[in-house]
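Below is one structure, written out as C-alpha cells, with a few remarks after it.
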Amino acid sequence: QVQLVESGGGLVQAGGSLRLSCAASGRTFSNFAMQWFRQAPGKEREFVAAISWTGARTYYADSVKGRFTISRDNAKNTSYLQMNSLEPDDTAVYYCGAAGRVWSVGPPDYWGQGTQVTVTS
C-alpha cells in the first residue's frame, strides 16, 4: 500500500502561482511513476501531468503545458506540481496518483485525497 497526502492548494487570483506537494509513504517512492489529475465541478477527472521513476521523463496535458511543472524529490518521498499563470479554468480538486511502473499516464494504482485549488478572475 502507498499513502499519498496532497497539500498546497488554496485560493489565488488569475495569473498567480501555487505549488502542490504530494507526500508518499508505505513503499519505496522511487519505484513509482507519479501523476497529477484534477476534477472540476460537474466534470470528469482529467490527467494533468506525469513524471517517471527518476524524473527524467515528464508529460503534460495540452491545457497546462508551459504553465505547470511536475517534479519529484525521491529523497523526500515527495512529488510536486508547480502551477504558474493560473487561470479560472484551472479551478478544481487536484489529486496525486502513484503507479507501480517506470512510466504511466493512465489511471494510477493509488490516489491521494485531493486538494482544492480555486482561481478567481
Side-chain angles (χ1 to χ4, degrees):
Q1 285 288 341
V2 173
Q3 291 77 45
L4 303 173
V5 179
E6 301 96 333
S7 61
L11 181 67
V12 63
Q13 287 188 329
S17 298
L18 283 174
R19 188 176 81 154
L20 306 183
S21 298
C22 173
S25 61
R27 292 180 63 182
T28 304
F29 179 71
S30 58
N31 288 347
F32 287 82
M34 299 299 295
Q35 302 145 300
W36 287 92
F37 290 76
R38 67 186 182 186
Q39 187 166 18
K43 295 186 178 181
E44 293 187 354
R45 193 171 298 188
E46 64 176 2
F47 169 82
V48 175
I51 188 166
S52 61
W53 277 7
T54 63
R57 184 178 181 183
T58 59
Y59 183 74
Y60 299 91
D62 287 344
S63 59
V64 306
K65 199 173 297 182
R67 300 187 298 121
F68 291 11
T69 302
I70 188 171
S71 62
R72 65 189 297 159
D73 185 337
N74 287 346
K76 296 183 178 179
N77 293 343
T78 302
S79 173
Y80 304 96
L81 185 68
Q82 177 67 44
M83 306 186 296
N84 297 330
S85 301
L86 283 161
E87 304 167 353
D89 283 349
D90 295 318
T91 295
V93 177
Y94 283 72
Y95 296 91
C96 172
R101 294 172 286 284
V102 174
W103 172 250
S104 176
V105 295
D109 300 316
Y110 302 97
W111 290 99
Q113 84 289 349
T115 186
Q116 176 70 47
V117 171
T118 303
V119 184
T120 60
S121 57

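- Side-chain atoms of Gln13 never come within 3.5 Å of backbone atoms of Thr120 as a donor-acceptor pair (strictly under, hydrogens ignored).
- Judged purely by atom type and a 3.5 angstrom limit, Thr78 has no side-chain atom pairing as donor or acceptor with the backbone of Ala23.
- With hydrogens and angles disregarded, a donor-acceptor distance shorter than 3.5 Å links the side chain of Arg72 to the backbone of Ser52.
- Around the NZ atom of Lys43, the shell of radius 6.0 Å holds no more than 12 heavy atoms that belong to other residues, nucleotides or ligands.
- Not a single donor-acceptor pair under 3.5 Å links the side chain of Gln39 to the backbone N or O of Ala92.
- Between Ala99 and Gln35, the closest heavy-atom pair is CB-OE1, 3.9 Å.
- In terms of heavy atoms, Phe29 sits closest to Ala24 at CD1-CB, 3.4 Å.
- Val117 and Tyr95 fall into different hydrophobic clusters, where Ile, Leu, Val, Met, Phe, Trp and Tyr are joined by side-chain heavy atoms under 4.5 Å apart, directly or via other members.
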Item to complete: Report the C-alpha separation of Arg38 and Ser63 in whole Å, then their side-chain angles, then the decisive distance to 0.1 Å, and conclude whether the side-chain contact (heavy atoms from CB on, under 4.5 Å) test is met.
Response: CA-CA 12 Å; Arg38 67 186 182 186; Ser63 59; 3.5 Å; yes
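- In this structure, Phe37 is not a member of the same hydrophobic cluster as Phe32, with clusters built from ILVMFWY side-chain heavy atoms closer than 4.5 Å.
- At distances below 3.5 Å, not a single donor-acceptor pair connects side-chain atoms of Arg27 with backbone N or O atoms of Gly100.
- Taking every heavy atom of both residues into account, Asn84 and Ser17 meet most closely at OD1-OG, 2.9 Å.
- Inter-residue side-chain proximity for Met83 and Trp36 is flagged as unmet; no heavy-atom pair is nearer than 4.5 Å.
- Here the closest heavy-atom approach between residue Met34 and residue Cys96 is recorded as CE-SG, 3.5 Å.
- Val48 pairs in a side-chain contact (heavy atoms from CB on, under 4.5 Å) with only one of the listed residues (Asp90, Leu20, Ile70, Val64), which is Val64.
- Gln82 places no side-chain N or O within donor-acceptor distance of the main-chain N or O of Thr69, the cut-off being under 3.5 Å.
- Closest approach of Ser30 and Asn74 over heavy atoms only: CB-ND2, 3.6 Å.
- Looking at Ser104, its side chain does come within 3.5 Å of a backbone N or O of Gly106 through a donor-acceptor pair.
- Residue Tyr59 places its OH atom among 12 or fewer non-hydrogen atoms of other residues, nucleotides or ligands, all under 6.0 Å distant.
- Linking ILVMFWY side-chain heavy atoms closer than 4.5 Å, directly or via other members, places Leu18 and Val5 in two distinct hydrophobic clusters.
- For the pair Ser71 and Ser79, the tightest heavy-atom approach, listed with the atom from each and the gap, is O-OG, 3.3 Å.
- Rounding to the nearest 0.5 Å gives a distance of 5.0 Å between CG of Asn31 and CH2 of Trp53.
- The closest donor-acceptor contact from the side chain of Asn77 to the backbone of Gly26 lies at 3.5 Å or more, if one exists at all.
- A continuous path of Ile, Leu, Val, Met, Phe, Trp and Tyr side chains, each step under 4.5 Å between heavy atoms, connects Ile51 with Tyr60, placing both in one hydrophobic cluster.
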| message | Pair Arg101, Asp109 - check side-chain contact (heavy atoms from CB on, under 4.5 Å), show working. | response | CA-CA 9 Å; Arg101 294 172 286 284; Asp109 300 316; 3.4 Å; yes
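- Tyr80 and Val2 fall into different hydrophobic clusters, where Ile, Leu, Val, Met, Phe, Trp and Tyr residues are linked whenever their side-chain heavy atoms come under 4.5 Å apart, directly or through other members.
- Judged by distance alone, the side chain of Thr58 and the main-chain N or O of Ala50 form no donor-acceptor pair under 3.5 Å.
- Aromatic ring pairs are classed by plane angle as parallel below 30°, tilted from 30° to 60° and perpendicular above 60°; the pair Tyr94 and Phe68 is tilted.
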